[in-house]
Amino acid sequence: MASSLEPHREVSGEMDNETHAFVAQLAMGSFLSMALKTACELGILEIIAKGGPDAKLYATDIAAKMPTKTNAGSFAPILALNQDKNFLDSWSHLKDAVLEGGTAFNRAHDGTSRNCCILIRDLTASSSVGITLHHITSKYPNIKGINFDLPHVIQCAPTYPGVEHVAGDMFESVPEGDAIFMKGILHNWSDEQCVRLLKNCYKVIPENGKVIVAEFVAPLMPESIPSVKGTFLLDVQMMTQFPGGKERTKE
Ligand SMILES: C[S@@+](CC[C@H](N)C(=O)[O-])C[C@H]1O[C@@H](n2cnc3c(N)ncnc32)[C@H](O)[C@@H]1O
C-alpha cells in the first residue's frame, strides 16, 4: 500500500531538489521536536492563538508579548523567534493542528537580481577537502582550482588533478582568484562576519572578478513543501550550532 513516506518517483543518478529536500528532512527530523519544544517554552503558540484567526503577527509583535526575559539582548530572541517561527510555519499541517489562531508572517522586501556570465581561469573555493572543486576542474580542466580551508581540514585533503590545497583563515585573507566560489559557507556566519569575509574576497579578485555564492534561499513566506521545510530545518540547525548562522532570503 502506498504511504506518504514512499518516494513518488524513481530516482536514478543525481537527486532532484525535492527528493534531496525530503532526504534532508529525514536526516534533520530532530529539529522539528527541538523547535516545537522551544516554541512551547516561549509561549509562541498561545500568543498566536490569542491573536485570533485574522491576526497578522510579525515576529517582533510576538516577541513583545513574550513573558520570557533573556540575557542575550533584545535582538537575539527576535532573531531566534523568526527562525523558529518560519520553521514551524513551513510545517503547516502541524500549525493547523495546534493553532486555532491567526497567521504569523514576515516583513517582505523588494529586491532585484541580474544574471552574469563568467569565464574562470583561477577559481578559489572554500570547500572542505576539495570535492566540489574536483567536480568542476575535472569537467573544465582549463580551470585551475585552489581549495582553501582551515589547516586541520587541508591536512586531510586528498590530491586531485588541477586542485591546489591552501590552508588559512578566511577572516584574515583568502587566496587570489578570478572567481571565488563559496558553497554552504556564508550560512554558518553572522551578517557582520559575512561582510568581513566578502570584503576579503573583494580585495583579491580582479576588476571583472566574481564572487559566486551557493546557498539555500529562504522564501519570504513559509510554504509547506519539502524544499521550504528543508531550508527552514537547516535554518534552525544553523541557529543552534553557529552563533549568528542562518539561511537568508534573496534580499
Ligand atoms: C559547511 S562547510 C563547507 C561545505 C562545502 N563547501 C560543501 O559544499 O560541502 C564549511 C567549511 O568552512 C571551513 N571554515 C570554517 N572556518 C573557516 C575559516 N576561518 N577559514 C577558512 N575556512 C573555514 C570549515 O572548515 C568547513 O570546511
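The figures that follow rest on heavy atoms only: side chains count, while hydrogens, waters and symmetry mates do not. Each ligand, and each atom within it, is numbered from 1 in the order the structure gives.
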Sequence neighbours left out, what passes side-chain contact (heavy atoms from CB on, under 4.5 Å) with Val217? Give chain and number order.
-> Lys250
Which option, [options], owns the non-hydrogen atom nearest [atom]?
{"atom": "atom 19 (N) of ligand 1", "options": "Asn200, Leu186, Asp169", "value": "Asp169"}
{"atom": "atom 25 (O) of ligand 1", "options": "Asp149, Val166, Leu150, Val174", "value": "Asp149"}
{"atom": "atom 6 (N) of ligand 1", "options": "Lys183, His187, Gln193", "value": "Lys183"}
{"atom": "atom 20 (N) of ligand 1", "options": "Met170, His152, Glu172, Met238", "value": "Met170"}

Taking atom CD of Glu247 and atom CG of Leu233, what is their separation to the nearest 0.5 Å?
-> 10.5 Å
Mark yes when over 12 heavy atoms from residues, nucleotides or ligands other than Phe171 sit less than 6.0 Å from its CZ; otherwise mark no.
-> yes
How does [X] reach ligand 1, by side chain, by backbone, by both or by neither, if only non-hydrogen atoms under 4.0 Å count?
{"X": "Phe181", "result": "neither"}
{"X": "Val153", "result": "side chain"}
{"X": "Thr132", "result": "side chain"}
{"X": "Ile185", "result": "side chain"}

So, Glu223 side chain and Val228 main chain: donor-acceptor pair closer than 3.5 Å or not?
-> no
Within the distance-only criterion (no hydrogens, no angle test), does the side chain of His134 pair as donor or acceptor with the backbone N or O of Thr159 below 3.5 angstrom?
-> no
Per-atom contacts of ligand 1 with Asn188, taking only distances under 4.0 Å to non-hydrogen atoms = 1 (C), 10 (C)
What atoms of ligand 1 come within less than 4.0 Å of a heavy atom belonging to Phe171?
-> 19 (N)
Ile185-Ile154 co-clustered via ILVMFWY side chain contacts under 4.5 Å | no
Could you name each residue pair satisfying side-chain hydrogen bond (donor to acceptor under 3.5 Å, both in side chains) that touches residues 196-207, not counting sequence neighbours?
-> Asn200-Lys203
Salt bridge or not for Lys50 and Glu46, using N-O below 4.0 Å?
-> no
May I ask whether Gly168 places a heavy atom under 4.0 Å from ligand 1?
-> yes
